[in-house]
J.: 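Structure incoming, see below.
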Amino acid sequence: MTSTSSMPDSQGPNPEPPHWKQDFDVDWSVTDYVSRREFTRFLGLSSAGMAIGTTAAAVAGSLPKQPKPQVHKVLGRVDEFKNGLSRAFEYPTKGKYALVVRHDDGSFSAFGQKCPHLGCAVYYEKDSKKLECPCHEGFFNPHNGEVISGPPQRGLEKVIIEIAEGLVWAKGGGN
Amino acid sequence: MTPPQDHTNSQRSLIVNIILSIVFMLWIIQLFILMTSLDAWMGGETALLWPSAISSVVLTFLTFGLVKALPRDH
């Protein structure tokens with residue numbers, strides 16, 4: 001964009017500095033100047049930092065994990081769950097939620113409600129028959145929890161469901 | 001390799017540009033490896049963690065080698 005029309009018409013020995021120089025008055029002599037060499041060295045240093053971070057993740061992943069406690073919980077009678085609908089329940093611990101879905105064929109599946117992308121709560125969209133994360137439009141298969149589309153890189157945490165004596169039980173898993 | 005003092009200014013500038021470009025590409029790859037590793041670790045997938053760590057360390061040594069090859073500023 002040019003602004004020559006608004007500039008003063010002074011061609012004398014000491015012309016007035018252009019308007020943009022007055023607005024962006026940068027004294028280059030006192031400005032920190034990063035050379036290409038310095039920038040390359042900085043990249044080298046941060047490269048070492050990233051290697052340390054990746055190695056730390058590998059070490060942390062190799063440490064033995066404590067097994068998750070298998071919480072058994074009754075979710076309700078089978079006939080309380082209608083085909084094609086879902087219900088949220090608190091599982092495996094207080095404050096954490098999971099979602100049980102009863103499919104059209106009468107089978108059940110359940111998953112932790114926390115989206116593996118950024119932790120939003122997923123819900124069952126009964127019309128499209130998909131589990132959906134409303135934050136960034138991540139879609140999951142309601143039968144196995146695998147990612148269908150969207151930003152999540154891995155599927156939902158599965159909750160083991162068992163039917164016994166007319167009751168629906170959650171028996172482990174979830175997040 | 002020819003000693004740096006034998007290069008002209010334009011040659012030195014070209015060498016710095018080439019090294020900077022390669023180092024930047026390696027840096028991007030390392031960033032990708034780091035993000036993938038963190039994602040795998042949080043998802044409980046451990047199979048890729050050590051290969052990623054080894055690759056990242058190798059890339060760091062490569063980067064250090066290239067940084068060391070930078071011609072001195074005169």
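The chains referred to below are lettered A, B, ... by the order of the sequence lines, with proteins before strands, and numbering in each begins at 1.
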J.: What part of B:S56 lies closer than 4.5 angstrom to a heavy atom of chain A: side chain, backbone, both or neither?
T.: both
J.: Hydrophobic clustering (ILVMFWY, side-chain heavy atoms < 4.5 Å, transitive) - are B:F64 and B:I19 grouped together?
T.: no
J.: Under 4.5 Å, heavy atom to heavy atom: which of residues 129-168 of chain A reach chain B? Give them by number, or say none.
T.: A:Q153, A:R154
J.: Mark yes or no for whether A:R102, through its side chain, and A:F81, through its backbone, hold a donor-acceptor pair below 3.5 Å.
T.: yes
J.: Using non-hydrogen atoms and a 4.5 Å limit, figure out which bit of B:M35 sits close to chain A: side chain, backbone, both or neither.
T.: neither
J.: Given side chain to side chain donor-acceptor pair (under 3.5 Å), test B:T60 with A:S47 step by step and report yes or no.
T.: CA-CA 6 Å; B:T60 295; A:S47 159; 3.2 Å; yes
J.: Sub-4.5 Å heavy-atom contacts with chain B: which residues of residues 82-99 of chain A show up?
T.: none
J.: Is A:Y124 reachable from A:F108 through a run of I, L, V, M, F, W or Y residues, each pair having side-chain heavy atoms under 4.5 Å apart?
T.: no
J.: Hey, quick one: are B:V16 and B:I22 part of the same hydrophobic cluster, counting side-chain heavy atoms closer than 4.5 Å, chains of contacts allowed?
T.: yes
J.: Using side chain to side chain donor-acceptor pair (under 3.5 Å) as the criterion, list what pairs up with A:S107, not counting sequence neighbours.
T.: A:D105
J.: Quick one: ring pair (Phe, Tyr, Trp, His ring centres under 6.0 Å) pairs with a partner in residues 23-45 of chain B, sequence neighbours left out?
T.: none
J.: Out of B:T36, B:D39, B:V67, B:L48, which one racks up the most heavy-atom pairs below 4.5 Å with chain A?
T.: B:D39
J.: Any donor-acceptor pair under 3.5 Å linking the side chain of B:S13 with the backbone of B:N9?
T.: no
J.: Given that the side chain runs from C-beta out, which part of B:S55 has a heavy atom under 4.5 Å from chain A: side chain, backbone, both or neither?
T.: neither
J.: Go through B:L66, B:L59, B:L31, B:V58 and name the one with the most non-hydrogen pairs under 4.5 angstrom from chain A.
T.: B:L31
J.: Is it true that a side-chain atom of A:R37 and a backbone atom of B:P71 form a donor plus acceptor pair closer than 3.5 Å?
T.: yes
J.: If you measure from CG on B:L34 to CD1 on A:I52, what distance do you get to the nearest 0.5 Å?
T.: 11.5 Å
J.: Membership question, hydrophobic clusters at under 4.5 Å side-chain separation (ILVMFWY): are B:I29 and B:W50 in the same one?
T.: no
J.: Under a 4.0 Å threshold between the charged nitrogen and the carboxylate oxygen, would A:E38 count as salt-bridged to A:R41?
T.: no
J.: Relative to chain A, which segment of B:S52 carries a heavy atom at a distance below 4.5 Å: side chain, backbone, both, or neither?
T.: both
J.: Treat each ILVMFWY residue as a node, draw an edge where side-chain heavy atoms are under 4.5 Å apart, and state whether A:V78 and A:V100 are in one component.
T.: yes
J.: Between chain B and each of A:S46, A:G53, A:A56, count heavy-atom pairs under 4.5 Å; write down the option with the most.
T.: A:S46
